[in-house]
Protein chains: 4
Amino acid sequence: MNDPRRGRPRDESCGPAILAAAIELVGEVGIAALTMDAVAARAGVGKATIYRRWSSKEALMLDAWKSAVQKPDAPDTGSLREDLRVLFAPHDQQLSGETMQRIFPQMIAAAKVNPEVGEAYREFIAERRRPMRTVLERAVGRGDLPADSDLDLVHDLLVAPILYRWMVSDGVVDDDVIERLIAIVVAGATSNLTTARR
Amino acid sequence: MNDPRRGRPRDESCGPAILAAAIELVGEVGIAALTMDAVAARAGVGKATIYRRWSSKEALMLDAWKSAVQKPDAPDTGSLREDLRVLFAPHDQQLSGETMQRIFPQMIAAAKVNPEVGEAYREFIAERRRPMRTVLERAVGRGDLPADSDLDLVHDLLVAPILYRWMVSDGVVDDDVIERLIAIVVAGATSNLTTARR
Amino acid sequence: MNDPRRGRPRDESCGPAILAAAIELVGEVGIAALTMDAVAARAGVGKATIYRRWSSKEALMLDAWKSAVQKPDAPDTGSLREDLRVLFAPHDQQLSGETMQRIFPQMIAAAKVNPEVGEAYREFIAERRRPMRTVLERAVGRGDLPADSDLDLVHDLLVAPILYRWMVSDGVVDDDVIERLIAIVVAGATSNLTTARR
Amino acid sequence: MNDPRRGRPRDESCGPAILAAAIELVGEVGIAALTMDAVAARAGVGKATIYRRWSSKEALMLDAWKSAVQKPDAPDTGSLREDLRVLFAPHDQQLSGETMQRIFPQMIAAAKVNPEVGEAYREFIAERRRPMRTVLERAVGRGDLPADSDLDLVHDLLVAPILYRWMVSDGVVDDDVIERLIAIVVAGATSNLTTARR
DNA sequence: TATTAAGCGAGACGGTACGTCACGTCTTAGG
DNA sequence: CCTAAGACGTGACGTACCGTCTCGCTTAATA
């Protein structure tokens, strides 16, 4: 009776079609005007088919967003600054789009309200942090950063200003800014080694 | 015909009552479950009275939020680090609440969609940036920071990690973290003076 | 203190202006879409000025209607049929308009709901019945109708079909119809004298 | 795409439940105080489910009214007067209620404003006229009425006074009145045969 | 002449209902 | 058991009108 192999198997093409429709529609009408009915119609799918795969609109949007943002690998050039440059480069292309700037705040808000989305959101964030964490740990190993560095803080100092400009202040984010950002943080974290903890 | 003195003047007590009701309700039921009907009922006001003052739910929430966050003054202790400590101190109390952490992302999202909210949002952000900007400019004047510093970037380096931890990563924000944050950024920005731009 | 002569006297031109505006608007937008705001705007009058004179929208509309329909006098040509022709003639012009056909049902409905309107409505109806009643009583006096006639019923037989065609069936009402109507009712009421009550 | 068999079929029990709720509520609170929300709540139905079936409050009320008034059959006793007595008898019970007296004027008014309601209203009236029309035509066939009678007028002479007393004048409608009404109209229409058209 | 009380146009007020929309679920026929 | 289609109950939306209530200003009769 409860044999999962009984009955018609799930159509594997539905999931991707739904995600694609969701991404398209967010780009077209914005995230606030996005409706499940529209996603279903665009994907040529019934609403029940969406809800069989995602528990809520927010869960779907979170997945749509994840599917649109590829996960970067940790580079290993031997130089902290160079590693950071590599890490930041794709950021520029992937997340800077209008769509992503609008989705991110919504995701944060949804994560605070819907526990299920919150869990998925935290996993997503942890995953995104890992490559830079690896880069920073290697830098500590090489002595490029002090052994007692607060790597979480250094990470946030590198990443947060970019997100801040995207989401909060509409500030400029270009190669030059990223270069200066790296310069200041690396210098500050390094000088910490000799002076600040005194 | 359009004489603003004609007709019954708007009840000056309604606006604050509505804002207060909105803030209360956000605290009680969360921002997602907030309804205009509930705000009107709580404020003892008709819905039309709200829409006469705010064009949308988001515009109301933005104002409610602004009214709940006081504007800080620029301190002038003669020391950059001390000025920053003073600036960060109240941040901790005002914005760290659950309510604010949930409202901020919503506001950002709303600002991207609703142009009217966007305008008010940008004003709010500009106003919030000004005190720290003043502090940083005084530091440049005293020679505590290089004359060619990118003050916008320094500002973002100081502010963004706090917001990031509140909104994105649920990271710790306490006096110790703020102390280390100030240390790294000031050190980085200062070392910039002698080394990085060379 | 309560001397009605104290204070600014009512502007005598307001009442007629309001009634005129109401009649105009009913003709333009229909009775269902009529609003007090529109009447006030059209009459160049504040809403309070209307409510100072009429207790409700329905009361106003009843008066507007009464003011648009003049009260007929009882003719006295010496012939029942001729008297009736005279009585019906203006009916055709006054009440047959689209406006009146739409207002009458509303008035009836309002009279069933609002007691104050009901009272005014009953007075209006009684007043409208009086001339024909007089004509019929004179006919009885002349022996044109049996002495034991049910004059209320004869009245209703004469008047009701006209209203019925206006309000219920959208039937034809022209001189020819009225002529035949009078012929049948007078003949029926007269024959009643010699045969029916036997 | 527009296959009516696709999708969940409409719940056949909703329509009658809504009509029943509407009729109940009209009886309880009157037609003016009837709200769609109340009908929906009473029927245990969403408002959208009502609007999926009726385009407006008036259209719903017209149907509710039609469903509450059964359609009479044309009797065939061989006598015109007896046929008319039979036709009038149920009238007394069905339409004389407070509810119907209040609904009818509203329906007339709605029919003048809303074209869709107007169409349904005219169908309803035509259907209600048919039995008496049949009775009158049979009377002509038997020679009980002149061959050149204006049957529409005779019909209106029989029906209109009853409606008039219900709706306009609050006059008495009992068996005695109906008897006299029939007597006068039949006598008048018959005498027409020999005298009036001369 | 100054006071005063009510009427005036304008329009904001607390309510209430409107008709629409989206949510997430449920119910068909068919694959 | 899945699928597309679409109806379902729920509940918020933003609008429109109701009849009432201020405003600042006339407009006479009273003092």
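When reading the values below, keep in mind they use all heavy atoms of this one structure, side chains included, and skip hydrogens, waters and symmetry mates. Lettering follows sequence order; numbering is per chain, from 1.
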Task: Closest contact, heavy atoms only, Ala43(C) versus Ile18(C) - done: CB-CA, 4.0 Å

Open item on the list: Check the phosphate of dA17(E) against Thr35(D), side-chain N and O only, distance under 4.0 Å to OP1 or OP2. Yes or no?
Closed with: no

- [ ] Measure the distance from CZ on Arg53(A) to P on dC1(F) and round it to the nearest whole Å.
- [x] 16 Å

Task: Whole-Å gap separating P (dA12(E)) and CD1 (Ile18(B)) - done: 13 Å

TODO: Mind jotting down which residue pairs meet the side chain to side chain donor-acceptor pair (under 3.5 Å) criterion with at least one end in residues 14-24 of chain B? Sequence neighbours excluded, please.
DONE: Glu24(B)-Arg42(B)

- [ ] For Phe124(C), enumerate each residue passing the ring pair (Phe, Tyr, Trp, His ring centres under 6.0 Å) test, keeping only those at least two apart in sequence or located in another chain.
- [x] Trp65(C)

TODO: Find the distance Ile50(B):CD1 to dC13(E):C1' and express it as a whole number of Å.
DONE: 13 Å

Task: Under the side chain to side chain contact (heavy atoms under 4.5 Å, CB included) test, residues paired with Ala59(A) that sit two or more places apart - done: Trp54(A), Ser55(A), Ser56(A), Val117(A)

TODO: Not counting sequence neighbours, which residues clear side chain to side chain contact (heavy atoms under 4.5 Å, CB included) with Arg52(D)? List them please.
DONE: Arg10(D), Ala48(D), Thr49(D)

Open item on the list: How many whole angstroms separate atom CG of Leu34(C) from atom C1' of dC17(F)?
Closed with: 11 Å

Task: Separation of dG14(F) P from Arg52(B) CZ (nearest whole Å) - done: 15 Å

Open item on the list: Checking Glu119(B) now: which residues fulfil side chain to side chain contact (heavy atoms under 4.5 Å, CB included) with it, not counting sequence neighbours?
Closed with: Arg122(B), Glu123(B)

Open item on the list: Both Ala33(D) and Val45(C) contact DNA chain E. Which one's nearest nucleotide lies toward the 5' end?
Closed with: Val45(C)

Task: Atom-to-atom span, CG of Asp11(C) to P of dA5(E) - whole angstrom - done: 22 Å

Task: Atom pair distance, as rounded to whole Å: CG in Leu60(B) and C1' in dC13(F) - done: 14 Å

Task: Closest to side chain of Arg10(A), choosing from dG9(E), dT3(F), dG9(F) - done: dT3(F)

TODO: Can you check each nucleotide of nucleotides 24-31 of chain E against protein heavy atoms at under 4.0 Å and return B for base, S for sugar-phosphate only, - for none, in 5' to 3' order?
DONE: BBBBB-BB

